[in-house]
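Working notes for the structure below.
Just so you know, residue 1 is the first one in the sequence shown, and it goes up from there.
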Amino acid sequence: MNQPVEHSTAIQSHAAPSGAESVGATMGATSDASTAPGAVTAVARAAVEPPLAVEPPLDEGQRLSALASLGDPVRKRLFELVRDSGNALSRDDCAAELGLPKSTIRAHLDRLVDEHLLLVEFRKIGARTGPGSGRPTKLYATARREVSASVPPRHYDLAASLLAAGVQHSIDTGAGIEESLAQVAREEGLRMGQVAGDMHTLLAETGYSPEPDGDGGTIMANCPFHRLSQDHQGVVCALNGSLLGGALEGCGDDRHVLAPDQEISHCCARLVPKP
């Protein structure tokens with residue numbers, strides 16, 4: 001899988017367990033929200049309130065936009081405060097902890113919600129319920145554990161997950177590691193294909209950058225596992241082939257088959273019309 005030298009930008013933000021995204025370079029926390037006044041009340045609420053729902057994964061453009069929004073230092077501190085609290089916080093909690101006006105906090109919280117980094121829930125706080133107990137409070141919680149983006153797109157988190165699952169399958173069943181890796185990759189491809197419903201959509205969303213080859217087929221203009229494939233080509237290309245084979249089946253695509261990319265210019269495989 002030869003590939004032009006990549007220029008990548010990856011920033012990762014770890015959040016309290018409430019969702020998942022991909023892997024990048026760690027963005028360290030700058031505040032300890034466990035001692036925040038708002039965090040204390042949030043801990044008490046967490047004992048009786050269910051966690052907020054998790055939003056679906058972001059596409060590459062959304063991840064880049066979300067990361068750009070964290071370039072603002074105040075917004076970054078605010079996100080880290082909510083993230084590290086592990087519980088939903090109110091605007092007042094955040095304003096008190098950061099020592100900023102509520103109007104400023106509200107604007108930044110709204111931006112983080114728009115960027116899919118925070119979730120909102122309205123909930124009554126305190127023991128009183130029913131008429132006269134007051135209006136529900138608007139609370140904020142992290143929408144996902146991690147956010148990263150790269151140019152061109154990379155999905156090393158997917159490769160790592162498949163490799164770990166393959167090793168675990170081999171340990172649990174006694175099957176050979178090659179067989180185990182092929183099985184778990186095919187099963188994940190099958191699942192991804194069923195979700196996407198269309199092979200070209202799946203390829204685009206997973207970072208393969210599909211392009212017509214001029215003969216009714218499709219080449220992959222990008223390898224999502226490029227760096228890994230440079231040092232472990234046999235393993236990564238076999239894993240990739242099983243993943244794409246499962247995806248093709250999961251999409252219900254009976255018009256194409258996988259074929260080796262003889263030029264090995266971008267990816268080890270391409271789609272060609274079924275004979």
Side-chain angles (χ1 to χ4, degrees), residues 1-4 6 8 20-23 56-60 63 148-170 175-275:
M1 285 190 191
N2 297 324
Q3 179 91 346
E6 66 182 81
S8 62
E21 259 303 304
S22 58
V23 184
L58 305 178
D59 61 32
E60 193 70 17
R63 290 199 295 270
S148 72
S150 61
V151 181
R154 300 290 185 243
H155 283 285
Y156 299 119
D157 56 333
L158 175 58
S161 177
L162 293 173
L163 289 166
V167 171
Q168 188 65 57
H169 182 275
S170 179
I177 187 64
E178 186 175 359
E179 176 188 345
S180 294
L181 288 174
Q183 180 174 335
V184 299
R186 181 190 171 282
E187 290 175 352
E188 177 60 14
L190 187 65
R191 184 198 67 79
M192 292 169 62
Q194 291 170 341
V195 171
D198 174 76
M199 191 63 180
H200 288 83
T201 298
L202 183 149
L203 292 173
E205 291 178 346
T206 314
Y208 286 92
S209 300
E211 295 182 0
D213 65 1
D215 294 317
T218 301
I219 62 170
M220 320 301 179
N222 182 58
C223 170
F225 317 120
H226 171 64
R227 221 175 284 166
L228 279 176
S229 70
Q230 300 304 290
D231 297 326
H232 310 285
Q233 183 174 346
V235 173
V236 175
C237 288
L239 196 73
N240 185 51
S242 296
L243 180 72
L244 292 176
L248 197 62
E249 181 180 347
C251 288
D253 188 330
D254 57 3
R255 299 177 293 108
H256 299 93
V257 294
L258 287 174
D261 186 337
Q262 299 297 335
E263 298 178 0
I264 314 296
S265 57
H266 302 286
C267 178
C268 57
R270 68 170 69 195
L271 286 181
V272 297
K274 193 171 184 179

(message) Check whether Asp253 reaches the backbone of Leu248 with its side chain - one donor and one acceptor, N or O, closer than 3.5 Å.
(response) no
(message) Please check this pair: side chain of Ser242 against backbone of Ala238, looking for a donor-acceptor N/O pair closer than 3.5 Å.
(response)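 Checked: pair present.
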(request) From the options Glu179, Arg186, Glu187, select the one residue that forms a side-chain hydrogen bond (donor to acceptor under 3.5 Å, both in side chains) with Gln183. (result)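 Of Glu179, Arg186, Glu187, side-chain hydrogen bond (donor to acceptor under 3.5 Å, both in side chains) with Gln183 is met by Glu187 alone.
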(message) Which residue is it: Glu211, Arg270, His200? I am looking for the one with a side-chain hydrogen bond (donor to acceptor under 3.5 Å, both in side chains) to Thr218.
(response) His200
Using a 4.5 Å cut-off on heavy atoms from C-beta on, say whether the side chain of [Y] contacts that of [X].
| X | Y | result |
| --- | --- | --- |
| Leu203 | Leu244 | yes |
| Val236 | Asp231 | no |
| Val235 | Leu228 | no |
| Leu243 | Phe225 | yes |

[atom1]-[atom2] distance between [X] and [Y], expressed to the nearest 0.5 angstrom:
| X | Y | atom1 | atom2 | result |
| --- | --- | --- | --- | --- |
| Met220 | Cys267 | CE | SG | 5.5 Å |
| Arg227 | Cys223 | CZ | SG | 11.5 Å |
| Tyr208 | Leu202 | OH | CG | 8.0 Å |
| Leu181 | Leu163 | CG | CG | 6.0 Å |
| Ile219 | Ser209 | CD1 | OG | 10.0 Å |

(request) For Leu271 and Val257, run side chain to side chain contact (heavy atoms under 4.5 Å, CB included): C-alpha distance rounded to whole Å, both residues' side-chain angles, the deciding distance at 0.1 Å, then the answer. (result) CA-CA 6 Å; Leu271 286 181; Val257 294; over 6 Å; no
(request) Going by the side chain to side chain contact (heavy atoms under 4.5 Å, CB included) test, name the single residue among Asn240, Asp261, Leu258 that passes it with Cys268. (result) Asn240
(request) Determine the minimum heavy-atom distance between Ala175 and Ser170, stating which atoms define it. (result)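 Taking every non-hydrogen atom into account, O-OG, 2.7 Å.
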(request) Considering only NZ, NE, NH1 and NH2 on the basic side and carboxylate oxygens on the acidic side, decide whether Lys274 and Asp254 come within less than 4.0 Å. (result) no
(request) Evaluate the side chain to side chain contact (heavy atoms under 4.5 Å, CB included) criterion for residues Val184 and Gln168: first the C-alpha distance (whole Å), next the side-chain angles of each, then the deciding distance (0.1 Å), finally the verdict. (result) CA-CA 10 Å; Val184 299; Gln168 188 65 57; over 6 Å; no
